[in-house]
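Reminder, nothing fancy here: chain letters follow the sequence lines and each chain counts from 1.
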Number of protein chains: 2
Amino acid sequence: MARKNTTKYAILGMLSFGPRSGYDIKQKIEQSVRHFWSESYGQIYPILRRLVDEGLATKTTEPQETRPDRHVYEITKKGERELEVWLTEPIESRPIVRNELLLKLFFGQNTSPEILMQHIRQFREEIAATLLHLESVKAMCLDPGASDECDDEQAPYSLMTLHCGQHIMNGYVDWCDQTLDQLKELWLDGDQRAAVAEGDEA
Amino acid sequence: MARKNTTKYAILGMLSFGPRSGYDIKQKIEQSVRHFWSESYGQIYPILRRLVDEGLATKTTEPQETRPDRHVYEITKKGERELEVWLTEPIESRPIVRNELLLKLFFGQNTSPEILMQHIRQFREEIAATLLHLESVKAMCLDPGASDECDDEQAPYSLMTLHCGQHIMNGYVDWCDQTLDQLKELWLDGDQRAAVAEGDEA
DNA sequence: TCCAACATGTAAGGAGTTACATGATTTC
DNA sequence: GAAATCATGTAACTCCTTACATGTTGGA
């Protein structure tokens, strides 16, 4: 079957920034890479255990009185090597894109332009929110000392991925606007023209 | 759990264009929507059976002498209604983006700029190939009579999704070029400067 | 002669999400 | 007093791909 298990490397990568718990890793992912990557606890915890089994990470338990013990994982030399090897390998591309909006639009004949326009407006709003988020992360990255998230070494790489997100999101926004115009025309060519004619009679 | 099963609607949508076999559906998907959607036989055939069970499609067997019988599926009124309902519902967004290139780039500290540049060049080539494909599909859509793929009714919707692909792919290309420059600088700031100094001595 | 295309399907299994289980602390 | 956060983990389940099984025809 030979599937990827990219999650393993995503987690190793997060550990390469320093020791972290499963909870920390999840937070970090949500903060920094969520516009192009996500992981759930259901993936993270089992894989952390596996990393220890394979000697790619070590586990230290920090007892806490009131809360569950913190299980902190640290990448090993072997883990670092395995991460480096993965980084060197060509990308298993075919970026799994499944865009439900485009699918609905493609089948647009079976519904009305108005409905499609609503979907696109909703999509556009979500994109705009993502752009705001990207902008705020960027500000954090550029402001030295403002965060322990992004030191000088990491900043350039964080910024490159952020720029990619901004580029693509801006592209979506442009397309949305353009497509909304086109749908409006389709709509005018359709039932609206009839409605206008009816209106004239009244 | 309440998952989506969008595949069901993707197949219903394909059947809305006319009766088709599982094989036909797969071909059609690869031709028309592959830049934002994909399905495998392992999904298509079981779902076609389910559509019949649920009264959303009917199955006709066309006997063929030398090949396996063609099982042709036709959407029912009930199927059309269910497709329309789905088209009306707001998009379950969160477009699952998992971009391995960006993940590797984010962890870039653990490897060299040269390796990252290679990955980006590879990615850029794939994007360029996709752009060519989109252009050819677009030509087919705009050339009346050239294909039974895209009639006048369908053309506007096909074109909108194609434009989205072109927009996004062009955005990727721009970003790739920009990022390649940035990585080159990082690279010069790093080991290359040392190499130049060594070269001076020789 | 071998490969691609035609054609349908099933089985196995990896990938990934969500819900559940548990429970204290802090903040509004 | 309720909700969010801290914190770890498992079980169940869906989704989806890949490999397998089977066999013909036509072209390079």
Euclidean distance, atom [atom1] of residue [X] to atom [atom2] of [N] [Å, nearest integer]:
X	N	atom1	atom2	result
A/Y9	C/dG14	OH	C1'	15 Å
A/H71	D/dA7	NE2	P	12 Å
B/K26	C/dC6	NZ	P	13 Å
A/I25	D/dA7	CD1	P	14 Å
B/D24	C/dA7	CG	C1'	10 Å
A/I11	C/dG16	CD1	C1'	12 Å
A/E30	D/dT5	CD	C1'	14 Å
A/E39	C/dT18	CD	C1'	15 Å

Partners passing side-chain hydrogen bond (donor to acceptor under 3.5 Å, both in side chains) against [X] (at least two apart in sequence or in another chain):
X	value
A/T111	none
A/N110	B/S16
A/R50	A/E54

Query raised in the report: Of the candidate nucleotides C/dA7, D/dT5, C/dG9, which contains the atom at the shortest distance from the side chain of A/Y23?
Result: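 Of the options given, the side chain of A/Y23 lies nearest D/dT5.
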**Report entry** Minimum-distance nucleotide (side-chain atoms of A/R70 versus C/dA15, D/dA7, C/dT17)
**Finding:**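 It is D/dA7.
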Query - Pair listing, salt bridge (charged side-chain N to carboxylate O under 4.0 Å, His left out) test, anchored in residues 161-171 of chain B, at least two apart - result: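 For residues 161-171 of chain B: none.
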Requested in this report: Using five base pairs at each end, measure the axis-to-axis angle across the helix from C/dT1-D/dA28 to C/dC28-D/dG1 and round it to 10 degrees.
Outcome: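 End-to-end axis angle: 40°.
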Side chain to side chain contact (heavy atoms under 4.5 Å, CB included) involving [X] - partner list, sequence neighbours excluded:
X	value
B/V33	A/F106, B/M14, B/I29, B/F36, B/W37
A/K26	A/E30, A/Y41, A/I44
A/P19	A/V72, A/E74

**Report entry** Pairs flagged by side chain to side chain donor-acceptor pair (under 3.5 Å) wherever residues 172-184 of chain A is involved - sequence neighbours left out
**Finding:**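 Those involving residues 172-184 of chain A are A/R124-A/D177, A/W175-A/T179.
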Query - Pairwise side-chain contact, B/Q109 with A/F17, heavy-atom cut-off 4.5 Å (strictly under) - result: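 With C-beta onward as the side chain, the pair touches.
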Report task. Identify, residue by residue, the members of residues 41-50 of chain B with a heavy atom below 4.0 Å from DNA chain D, and return them in order of residue number, or none. Result ->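 Close to the strand are B/G42, B/Q43.
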Query - Contact under 4.0 Å: A/S21 side-chain N or O vs D/dT8 OP1/OP2 - result: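 Answer yes for this pair, as a side-chain N or O of A/S21 is under 4.0 Å from OP1 or OP2.
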Query raised in the report: Side-chain N or O of B/T7 less than 4.0 angstrom from OP1 or OP2 on D/dC15?
Result: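 No.
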Query raised in the report: When you check the side-chain N and O atoms of B/E126 and B/Q122, is any donor under 3.5 Å from an acceptor?
Result: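 Yes.
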Query raised in the report: Between B/Q27 and B/K59, who's closer to the 5' end of DNA chain C by nearest nucleotide?
Result: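 Of the two residues, B/Q27 wins.
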Query raised in the report: Okay, side chain of A/H133, backbone of A/R34: is any donor-acceptor separation there less than 3.5 Å?
Result: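 Flag not set: sc A/H133 to bb A/R34 has no pair under 3.5 Å.
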N/O donor to acceptor pairs below 3.5 angstrom from side-chain atoms of residues 79-90 of chain B, sequence neighbours left out:
from	atom 1	to	atom 2	distance (Å)
B/E82	OE2	B/K8	NZ	2.9
B/T88	OG1	B/E84	O	2.8

Requested in this report: Give A/T6 one of three labels, base, sugar-phosphate or nothing, depending on what nucleic acid heavy atoms sit under 4.0 Å from its own.
Outcome: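 The answer is nothing, as A/T6 stays clear of every strand by at least 4.0 Å.
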Show me the protein contacts with nucleotides 21-26 of chain D, counting only N or O atoms at under 3.5 Å.
from	atom 1	to	atom 2	distance (Å)
D/dT24	O4'	B/T66	O	3.3

